[in-house]
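We use all heavy atoms of the structure for the numbers below, so side chains are in, but hydrogens, waters and symmetry mates are not. All figures in this text were calculated on a predicted structure; none of them were measured in a lab. Reminder, nothing fancy here: chain letters follow the sequence lines and each chain counts from 1.
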There are 2 protein chains.
Amino acid sequence: MNVHEPERRLVTLSDVARAAGVGESTVSRVLRNQGSFSKRTQDRVAEAVARLGYVPNRLAGMLAGSGSTAGAKLVGIIIPSLTNIVFPDLLRGANAALDRDGFQSVIGVSDYDPAREEALIGALLSWRPAGLIVTGLEHTAGARARLRASGIRIVEMIDTDGDGLDIVVGFSNRGVGCDSARHLLARGYRRIGYVGHDIALDLRAAKRLAGFRETLREAGHPLAETEIAPGPSSAAAGRAALGRLLARRPDLDAVYFSNDDMALGGYFHCLAEGVAVPGRLALFGFNALDIAAAMPQPLTTIRTPRLEIGAVAVERLAADGPAETVDLGYELIAGATA
Amino acid sequence: MNVHEPERRLVTLSDVARAAGVGESTVSRVLRNQGSFSKRTQDRVAEAVARLGYVPNRLAGMLAGSGSTAGAKLVGIIIPSLTNIVFPDLLRGANAALDRDGFQSVIGVSDYDPAREEALIGALLSWRPAGLIVTGLEHTAGARARLRASGIRIVEMIDTDGDGLDIVVGFSNRGVGCDSARHLLARGYRRIGYVGHDIALDLRAAKRLAGFRETLREAGHPLAETEIAPGPSSAAAGRAALGRLLARRPDLDAVYFSNDDMALGGYFHCLAEGVAVPGRLALFGFNALDIAAAMPQPLTTIRTPRLEIGAVAVERLAADGPAETVDLGYELIAGATA
DNA sequence: AATCAGATTGGCAGCGCTGCCAAACCCTGT
DNA sequence: ACAGGGTTTGGCAGCGCTGCCAATCTGATT
């Protein structure tokens with residue numbers, strides 16, 4: 001814009017060194033509080049930093065520091081979506097642990113698209129992170145290859161039903177489905193339906209459904225009917241889908257939802273249509289959203305350790321233990337709807 | 001771990017150059033698809049990249065590229081929270097635009113703490129981003145100084161009620177409060193209360209309340225009573241707070257909530273206690289969450305252009321227009337609760 | 001065959017910081 | 001006054017990549 005602008009170069013570490021009358025490495029040591037230096041030097045450096053408004057350049061720092069022990073204090077995180085509150089929760093858990101350990105994070109959102117995930121993996125690896133946290137166990141062959149070739153720590157979170165590349169932190173989605181089914185059976189429900197969202201997008205939901213279905217079948221009361229809403233989960237989708245399901249099968253006495261969003265929508269349908277819950281129809285969700293607990297009748301659902309998963313994922317990345325699967329479990333919340 | 005491990009150095013650009021039998025700068029040009037090179041060279045480079053599994057080092061790239069025109073394709077984003085779906089939505093909008101323009105983002109979460117925001121600004125600036133997107137207009141003096149000194153583009157999003165540092169993208173929260181009040185007045189409600197969450201944390205909510213309160217006062221029907229739930233907004237907090245409010249003032253005929261989460265909780269309270277909505281009590285929210293539209297009676301609320309705000313924020317960062325305020329407006333959704 | 005503009009290409013100096021190592025100091029004890 | 005062991009310090013070579021510029025090559029033109 002202004003041709004005469006003196007092309008203000010940003011303040012660099014060597015500017016600080018000059019201003020403080022010390023060497024560059026001394027400034028570097030003081031700023032990282034590493035190695036030894038006198039109090040006097042420290043004060044002079046601090047003064048110069050403040051006076052010049054110096055902001056360290058992490059890019060340069062990480063570049064220079066790489067290759068050696070110190071390494072990058074950076075982790076990449078890939079989640080499939082920001083819309084479902086579950087994933088921001090994972091980030092929240094991870095963030096807390098990240099801050100504690102002085103790490104930074106770079107985040108990628110795959111929109112449930114495996115190809116996009118693969119691309120994101122490449123993008124994040126190019127930051128040379130100390131580790132990568134991805135969601136789920138299913139990845140394209142290319143993604144798997146890249147992760148393996150990267151040579152860094154990998155954490156796959158949320159799902160423990162399958163083989164992981166390195167560290168896996170989560171719980172058994174299959175188990176969730178089984179336990180959900182057992183609960184409904186134990187309460188005496190027999191004509192049970194399922195309302196889900198597009199399962200191609202959400203492999204974990206598919207695993208829950210598989211466990212649920214199998215448990216019902218083994219008990220001799222096979223899943224009576226399913227209704228899949230197109231697109232991602234939402235209360236609106238759940239409400240509409242339950243409507244369609246009941247239109248086809250008015251005899252159902254319980255419905256299992258792919259998650260609480262859908263279940264909440266189902267509950268709204270029941271309220272709107274005067275379907276007594278759980279007398280006439282029982283509802284069962286998944287995730288234990290805060291909002292589900294505030295309903296007039298608290299939703300019966302499964303609490304998943306979302307924050308813990310994020311936190312443990314980061315911990316394991318930082319530590320350098322062996323490859324392993326950490327099952328954080330889940331908890332059935334017996335609400336008033338089933 | 002393994003002492004004998006050949007200290008596998010990662011593949012670098014010069015390895016690729018050697019493998020492809022071309023110069024480093026040629027590889028660089030091909031990879032960035034910039035400058036000119038022959039088809040044959042391109043193929044050879046592509047082959048070498050694939051064979052060696054080369055992953056470019058962005059750190060080095062950005063370091064080298066800085067100082068010149070090209071500059072960093074990186075923006076920093078600071079939001080106060082991940083819990084409230086509003087902020088992930090902003091990220092979502094920003095992400096879409098970011099991808100389109102080939103930018104990467106680094107995200108910071110301030111937990112509504114101004115001091116933490118200031119620290120995050122420092123942390124993000126050290127990535128030498130092309131621009132920074134922050135939330136709201138209120139920052140500590142130190143934060144403001146750092147932003148100004150950074151010399152990069154700054155976007156403050158969501159709130160247009162005040163002076164911005166550079167670019168401001170959002171809507172008038174004060175206006176939202178005013179229009180909400182006018183709507184309730186127009187519908188004939190006179191004994192109006194307010195249910196909010198900790199306002200020290202959420203300056204935007206405070207501005208809405210101020211506009212709401214003033215409009216009511218001017219109309220001669222001042223706000224009858226307020227109830228502030230401690231902590232962040234949630235359905236549970238809204239439900240409990242409405243309970244307390246009505247216990248004190250059973251005569252209220254309408255309640256304005258700090259947002260839809262709180263309003264949803266309020267609605268649940270009404271359902272649970274048999275308070276007729278809107279006959280006995282009208283409810284008015286803010287944000288137009290998807291879930292609010294799926295309620296048996298759609299919530300009357302205000303739709304905010306969250307995705308657009310994120311997208312426009314990024315666009316303005318990338319373009320280099322003048323400092324200005326972009327008001328994206330909002331829309332009153334007349335539901336069935338008020 | 002010589003000439004010339006334009007297309008391709010390679011070499012190399014940094015970008016700002018950290019790691020390594022030698023140099024300079026600072027105290028003791030003798 | 002001098003050696004010996006720790007504490008501070010500064011110099012400088014990279015980290016891997018891009019920008020700049022000169023060198024080389026290409027094909028068409030004269």
Quiz prompt | Candidates C:dG16, D:dT9, C:dT8 - which lies nearest the side chain of B:Ser38 | solution = C:dT8

Quiz item: Rounded to the nearest 0.5 Å, what separation is found between the CD1 atom of B:Ile77 and the CD1 atom of B:Ile133?
Solution: 4.5 Å

Exercise. Could you tell me whether B:Arg40 and B:Asp43 have a side-chain N and a carboxylate O separated by less than 4.0 Å?
Key: no

Quiz item: Which residue, B:Gly21 or A:Asn57, contacts DNA chain C at a nucleotide closer to its 5' end, judged by nearest heavy atom?
Solution: B:Gly21

Quiz item: What is the distance from CD of B:Gln34 to P of D:dC17, rounded to the nearest Å?
Solution: 15 Å

Quiz item: Axis-to-axis angle across the helix from C:dA1-D:dT30 to C:dT30-D:dA1, five pairs an end, to 10 degrees?
Solution: 50°

Practice problem: Using a cut-off of strictly less than 4.0 Å between a heavy atom of the residue and any atom of DNA chain C, enumerate the qualifying residues of residues 23-33 of chain A by number. | Solution: A:Ser25, A:Ser28, A:Arg32

Quiz item: Do other residues, nucleotides or ligands put more than 12 heavy atoms under 6.0 Å from B:Arg316 CZ?
Solution: no

N/O donor-acceptor pairs under 3.5 Å from side chains in residues 104-112 of chain A, not counting sequence neighbours:
{"unit_1": "A:Gln104", "atom_1": "OE1", "unit_2": "B:Trp127", "atom_2": "NE1", "d": "3.3"}
{"unit_1": "A:Ser110", "atom_1": "OG", "unit_2": "A:Tyr112", "atom_2": "N", "d": "3.3"}

Practice problem: In whole angstrom, give the distance that lies between atom CG of B:Leu10 and atom P of D:dG16. | Solution: 8 Å

Quiz prompt | Length of the CG-P vector between A:Asp15 and C:dC15, whole Å | solution = 11 Å

Practice problem: Give, for atom CE of B:Met62 and atom CG of A:Asn57, the distance between the pair rounded to the nearest 0.5 Å. | Solution: 9.0 Å

Exercise. Answer yes or no: does a side-chain N or O of A:Ser36 lie under 4.0 Å from OP1 or OP2 of D:dT8?
Key: yes

Quiz item: Roughly, in whole Å, what's the span from CE in B:Met62 to P in D:dG16?
Solution: 18 Å

Quiz item: Reckon B:Thr41 has a side-chain N or O less than 4.0 Å from the OP1 or OP2 of C:dT9?
Solution: yes

Quiz item: Around atom CZ of B:Arg58, are there more than 12 heavy atoms of other residues, nucleotides or ligands at under 6.0 Å?
Solution: yes

Quiz prompt | Rounded distance (Å) that lies between atom C1' of D:dT8 and atom CZ of A:Arg40 | solution = 11 Å

Practice problem: Measure from the side chain of A:Ala64, starting at C-beta and using heavy atoms only, and say which of D:dG19, D:dG14, D:dC17 lies closest. | Solution: D:dG14

Exercise. Determine whether B:Leu125 and B:Ile152 make a side-chain contact, defined as any pair of heavy atoms from C-beta on separated by less than 4.5 Å.
Key: yes

Practice problem: Could you check how far CG of B:Leu59 sits from P of C:dG16, rounded to whole Å? | Solution: 14 Å

Exercise. Can you tell me the distance, in whole Å, between the CZ atom of A:Phe37 and the C1' atom of D:dT9?
Key: 12 Å

Self-check item: Check ion pair A:Arg153-A:Asp166 (N to O, under 4.0 angstrom)
Solution: yes

Exercise. Would you name the heavy atoms of B:Thr160 and B:Val326 that are closest together and state the gap between them?
Key: CG2-O, 4.1 Å

Quiz item: In whole Å, what is the span from the CZ atom of A:Arg128 to the P atom of D:dG16?
Solution: 8 Å

